[in-house]
Each structure stands twice: as C-alpha cells, then as structure tokens.
There are 2 protein chains.
Amino acid sequence: MPPTDPARAATLSDVAQRAGVSIATASKALNGRGDVAPGTRRRVMAAAEELTFTPNAMARGLLAGRTGTVGLLTSDLEGRFVLPILMGAEDAFGAGQVNVFLCDARGDAIREQHHLRALLSRRVDGIIVVGRQTDPRPSLGQELPVPVVYAYSPSDDPRDVSLTPDNHAGGRLAIEHLLACGRTRIAHISGDPTYAAAQDRVAGARAALADAGLDFVGEPLFAAWTEHWGRDAAAMLLERHPDIDAVFCGSDQIARGVLDTARDFGRDVPGDLAVIGYDNWEIVAANARPPLTSIDANLQQLGRQAAQRLFEAIDGVATESGTRRLPVRLVIRGSTIAHR
Amino acid sequence: MPPTDPARAATLSDVAQRAGVSIATASKALNGRGDVAPGTRRRVMAAAEELTFTPNAMARGLLAGRTGTVGLLTSDLEGRFVLPILMGAEDAFGAGQVNVFLCDARGDAIREQHHLRALLSRRVDGIIVVGRQTDPRPSLGQELPVPVVYAYSPSDDPRDVSLTPDNHAGGRLAIEHLLACGRTRIAHISGDPTYAAAQDRVAGARAALADAGLDFVGEPLFAAWTEHWGRDAAAMLLERHPDIDAVFCGSDQIARGVLDTARDFGRDVPGDLAVIGYDNWEIVAANARPPLTSIDANLQQLGRQAAQRLFEAIDGVATESGTRRLPVRLVIRGSTIAHR
DNA sequence: CTGTTAGCGCGTTCAA
DNA sequence: TTGAACGCGCTAACAG
C-alpha cells in the first residue's frame, strides 16, 4: 500500500495509525526513547518506512526551542573570498546536522537589515557574517537574541567575536621567503591603498625587511587589485629600478601582470627576478608562467573555525570576544624558486 | 522598560501581555487582520516595537503548511558555474520573502541523499538542484513531496523540469561571429571531450560552418579545460596550420593559453588571428591581452528562471517538464575585433 | 471590537 | 509497556 497522498508529507500520526499505536508510542519507537516492546518498535519502523516518514523539523524545533539552523549573512557573493569561507562553514555545520540559510545582502545595508529580520524570524540558532574585505564593518549590535560571529570583515565593536586573516603576518611571510631565496632588492606593488589589507600587508613586509636591516627599493606602488595595474606598475618599476631582484605583489592578479611585463622586458623569472603574489587564487596563480608563489589565507579553515566558534557560543561556552587574526600559509611555486 | 530577557526572543504572548490585550487581538493588530480599534492597534504595535518582537516563522509555517523556504542542492560549490546560478536564485527568492537553505553535496551521492532528507525534514517548499556540468544527472525521483527544478545539469528523467544553457547555440554563435568578422580558416581547441558541453559546442559550431559551406581547419583538438592545454594545443596548431585566421576555444582558460602562444609565435591578435573563448569568466576574459571575446551563458538569469519555475510549481501552476535550453549571449572584446 | 477555543506536528510528562 | 494530555508560538474560526 503506497502512501495515502504522495503530495502530502506523512506525519507522525499517520505512522502511528498505520502501526496501530498511539502517537506517543510511535514517537518513542522512532527516537529510541523510553521502553517500547521490540515488536511494537518494528511495526512502527516499518510503517514509517512505508510512508517515507520524515519528521517535521519545525514542529520539533518549536518544542525544543532550537532550530538547528544558522544564518550566513554575506555582503557579497560575487567576492572571491566569500566562497571558500562559506564552504568551510557549510562543511563544519553539515557534519553536525545543522542547515544553513544563505543570505546575500549585495553590499546594501537595507537589504542586510531585511535579511537579518528574516533570519531572526526563522529563529536561527546563530549567525555568521561574512564580509568581502578585511576592513572592519559595522556591528549588528549587542541586542540580538542569538550569537554572531564575524568572518573576514571583523566587527568594529570589540565586544563581538571576529575572525580575520592575519595580513600583517602574510606580508612578513612573503618577505621572509624572498629573503630566504637570497633576494635583497625587493619592491612592492599593491592594490587600493584604502584597503586595510593593503596597509597591513605592507606593514608586515616592512617589519620583516627592517629585521633584516633592509627596506623596499623605491616606494611601494598602490592603485588597484588588477592585472592591468600590475603590468603598468611593473613597467614603471623596471625602468626606474632595473636592479631589483624581487617583487612582492599585493594580489595574485597584480603578480600576474608583473609576470607579463617582466617577460616583455626580457627578465627571467625566477632566475633574475622573483615574484610573489597574495591570495593563492588557484586559477590565477597556478596557471601563470611560471606558476606563482603566493600567500594563502586558509579561508576554508577560517569558515570552519567561524562555525566552530558559533557552535560554542550557541552551546553557551563563553567565547573570548575581539578580533582573532588567523595564520596564513606560504604556497611555493615556480615564480620564486626554479625547478632543478 | 527593556525586554524581560534579551537573550530570549519575545513571543506574541509577551507582546499581548505588555499591551494588555489577548494573544488573538495582538496577532490581528500586527497582521492588519480583522477589525481592531486604532488605539488598540497602536498599543500593540508599540509593545511589539519595544520588545523587538519578531514573529516565529516556524510556528507560522506549522499552521500554514508552508515554510517559505527552499533548498538549493549543489553538487559542488567550488565550481565556477554554480555561484552565479546561486546568486540569481537567491536574488529571485529574496524578493519574495523566501529563504534559501544551501547544501553542498561535494559531488558525493551519499551526502546528497543525506542533505535531501534534511531538506525534506525542514519542509522546504521546493528544491533546486544545481549541477556542475551540463551532462545529465540522475533524477532525485518522482516520489518527492515537493517540486524540484534542475539547473545547469539537467535531470536524466524527462518528467523532471530542467534548465540548462544552450551550448549548441553557443557554438553556433561563436562561429557566426567569426564569420561576420571575415574569418574563414577557423580551428577549434576545446576541453575534455567526455563533457556534453564540449560535444554540444563543437556540434553547434560545425552546423554554423556547414551553413557557410565551410568546415574546421584541421580536426578539433580536445583534452582539458586548462590554460596549459590551450598553450600546447595552439603551438601544435600554429605549426601545422599557420594559415588559420581564427580559433574558437571551448573555454576562456583555453583561449587565454592560445593568446599566450600566439604572442610567442609573433601572431597579431586580432589582426592576424582572431580568438574567441567560452564562459565569459570575467576575471579571465577581461584581463587577457587583448581582452577576450567570449560566449556568456547568462547563468545568473538561469538561476532566476529556475527560481521562477519553482515558484510556479509550488503555486500549483502546471509547468511543462523536460529540458529547456536557455539562450546564450556573445560578449565582444578586443580579441576578435580591433579597436579603431 | 475583543477574547476564547481549537488545532498545526511533535516530544514529554504522568497515569493507567 | 502504552496512551492521554499538555504545550511550543501562532492563526483562524467563532462567540461574546
């Protein structure tokens, strides 16, 4: 006998009726609670199977006071940085029976507020706010009935919990790698100087250079995070300072432009000139000629950690607030060290 | 007087109590239903405001038999094609008070089944299945209690509703553009030949060539969707058939590799050799030298349409089943037509 | 105009 | 071991 009405999802009472027991007994049998006679339990299970019974999570959540859902509030899905974070979070939650509401505010504060209301109305157990830059963003406030974790863009309120990549350490790491490769005449080309990312990376790089008693050759060049700018800046640089032996670039795209210009100038990479990028954007870095050494911000891991922190907060574990900067990682390819 | 317990979300009965009315009256006042005295309504609204009352969507859904949620079941978030579709769908739903559960199956059938159960348990009103290739995928089956729309990867069951880009038309469009540019000696380099996308595009291209009484110069070359393959294939091609005047590439990445090799061979693009890509992957196409003319599959639109179709199905509108192929679009940049 | 009543589907007492 | 009764938060009938 097939389900009565395939269009309507079966309910517990359907199962109970079919098994000839009460709703309460059916519930216990299915959830393994209380004492249920083995035979009864089997009958209930069979009935549930036949009806392809799927418990109604809403009804359950209504009772439990928890929904087992979280909201992912992103400011911009297009952004290259959001996706890996989202994957990491989805991954961490997926394992724990939690489902994710995805909301894209498209960088619009009104829309964000709208989505926030919707999420609260859905009674999500917590919210992760994913930004598209590492610059601080306005806090959602302290008055929310659920915990919030900020990922990538930290909140501007130190009472919030924020996770962001450590760009300062990334700048340092890049320079230390170049130094380890024997380079000493290092220049810097980066993106939009109003980005905290640009400032933090150059600061970290400068600190590392200072530790070695060095400084950049020429002033760091800032403009845009694009391949085009990388090409132009590299041309300026190679004309003005032909003696440089390495370029630290603020993004992989910039680095790729630099590689192009270096080739036009007849410079050999990495023999004559080492180039290091930032972000480890696989599609850009791995396909460059030569493949690009880069700094990876471990974004997927960041997403996982954000989920982890949110879990803790939901479970009432007191999480330390403030902005936590997560370690980054060096990915070595052919643009800084030659194959042998 | 602040909310009693900021940690706990306010309930309708809290509002009613504070306004000194019954729960039912509060409900009517807030939803604009029935006849409520203006003064009473104001008192209720004020109370709701003060408590930042947010109606519990679960309780509401339990009653209404609808949740106002849909599931987005993707096989692979990493994929470049999933994101725009997802954005389009999220966009279309966002306007209609619907929220989206995102589930990433990571290309694993078990995990997909798991997520499907979860979505049904959440009583989503419908599901969109987003694949990563245009090859047909196994149907989720006809027994589901909610409507399903397949996007990008069509279902292998014609009783399902599927939306996929028209790759055949894309291949045709690419060739017609090259012909319009006055090219006649056209070669083809594409990716993995086991992909339907590769086959459909080449078939469409061949049809367009045949209409003009032409055929490809040399046999189309298939291997991988990578820049690297594009470089290698172009080298082979330019050596064997130096007289070609255009290359139709199966992907933007391949095209980009072709551009690199053309430059190495001293060929002028587009003067001497026109190159057209596929996918219009902005980051790849726009940054190429010269910027790459490409075919855009309108994926965001596809996502919106999938949402639209799902809406209709949810509302009981009889949607025609089968696979619908959506039109693609030509994006002209500098690799096929020179600036003047 | 307002309040009382009856569920939506489920888990959890507590009697029987 | 089983089942009747209650309530999670809300809306839709009705009755007052």
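These numbers come from the heavy atoms of this one structure, side chains and all, not from hydrogens, waters or symmetry mates. Below, read A as the first sequence line, B as the second, and so on, with proteins coming before strands; counting in each chain starts at 1.
Side-chain N/O atoms of Ser27(A) include one lying less than 4.0 angstrom from OP1 or OP2 on dG11(C). Using a 4.0 Å cut-off, no side-chain N or O of Arg60(B) falls inside it from OP1 or OP2 of dG9(D).
Residue Thr11(A) is in sugar-phosphate contact alone, with no base atom involved, counting any heavy-atom pair closer than 4.0 Å across all strands shown. When heavy atoms are screened at a 4.0 angstrom cut-off, Asp35(A) is found touching base atoms of the nucleic acid. Note on Ala37(A): only backbone sugar-phosphate atoms sit closer than 4.0 angstrom, heavy atoms only; bases stay farther off. As judged by a 4.0 angstrom heavy-atom cut-off over every strand, Thr25(A) is placed among the base-contacting residues.
Contact of the Arg304(B) side chain with the Met87(B) side chain is not registered, since no non-hydrogen atoms from C-beta on lie closer than 4.5 Å.
Between Arg42(B) atom CZ and dC1(C) atom P there is a gap of 13 Å when expressed in whole angstrom units. Following rounding to the nearest Å, Met58(A) (CE) and dT11(D) (C1') show an atom-to-atom distance of 14 Å. In this structure, the CG atom of Asp14(B) is 8 Å from the P atom of dC10(D), given to the nearest Å. Put simply, CG on Asn31(B) is 8 Å from P on dA12(D), counting in whole angstrom units. Going from atom CD of Gln17(B) over to atom C1' of dG3(C) covers 15 Å, rounded to whole Å. In this structure, CG of Leu30(A) is placed 13 Å from P of dT12(C), rounded to the nearest angstrom. Rounding to whole angstrom units, CD1 of residue Ile23(B) and P of dT5(C) are separated by 12 Å.
Taking the nucleotide of DNA chain D with the nearest heavy atom to each of Leu12(B) and Lys28(B), the more 5' of the two is matched to Leu12(B).
Residue-environment remark: CZ (Arg80(A)) exceeds the threshold of 12 foreign heavy atoms within 6.0 Å. Summarising the local packing, CZ of Arg325(A) is surrounded by 12 or fewer heavy atoms from other residues, nucleotides or ligands at distances under 6.0 Å. Residue Gln17(A) places its CD atom among 12 or fewer non-hydrogen atoms of other residues, nucleotides or ligands, all under 6.0 Å distant.
Nearest nucleotide to the side chain of Leu62(A), out of dG3(C), dC10(D), dC8(D): dC8(D). The side chain of Leu63(A) lies closest to dG9(C) when the candidates are dG9(C), dT12(C), dG9(D). With distances taken from any side-chain atom of Thr40(B) to the nucleotides dG3(C), dT2(C), dG9(C), the minimum falls on dT2(C). The Val36(B) side chain lies nearest to dT2(C) when the options are dC10(D), dT2(C), dG11(C).
A donor-acceptor pair shorter than 3.5 Å can be found between the side chains of Asp160(A) and Gln142(A). Remark: the Thr69(A) side chain and the Asn99(A) side chain contain no N/O donor-acceptor pair separated by less than 3.5 Å.
Tyr152(A) and Phe81(A) have parallel rings, their planes meeting at less than 30° on a 0 to 90° scale where 60° marks the start of perpendicular.
Classification of Arg132(B) and Asp76(B) as a salt-bridged pair holds, one side-chain N sitting under 4.0 Å from a carboxylate O.
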Which dot-bracket notation, 5' to 3', represents the base pairing of DNA chain D when pairs are defined as Watson-Crick or G-U with both distances under 3.5 Å, crossing pairs as [ ], and inter-strand pairs as |? ||||||||||||||.|
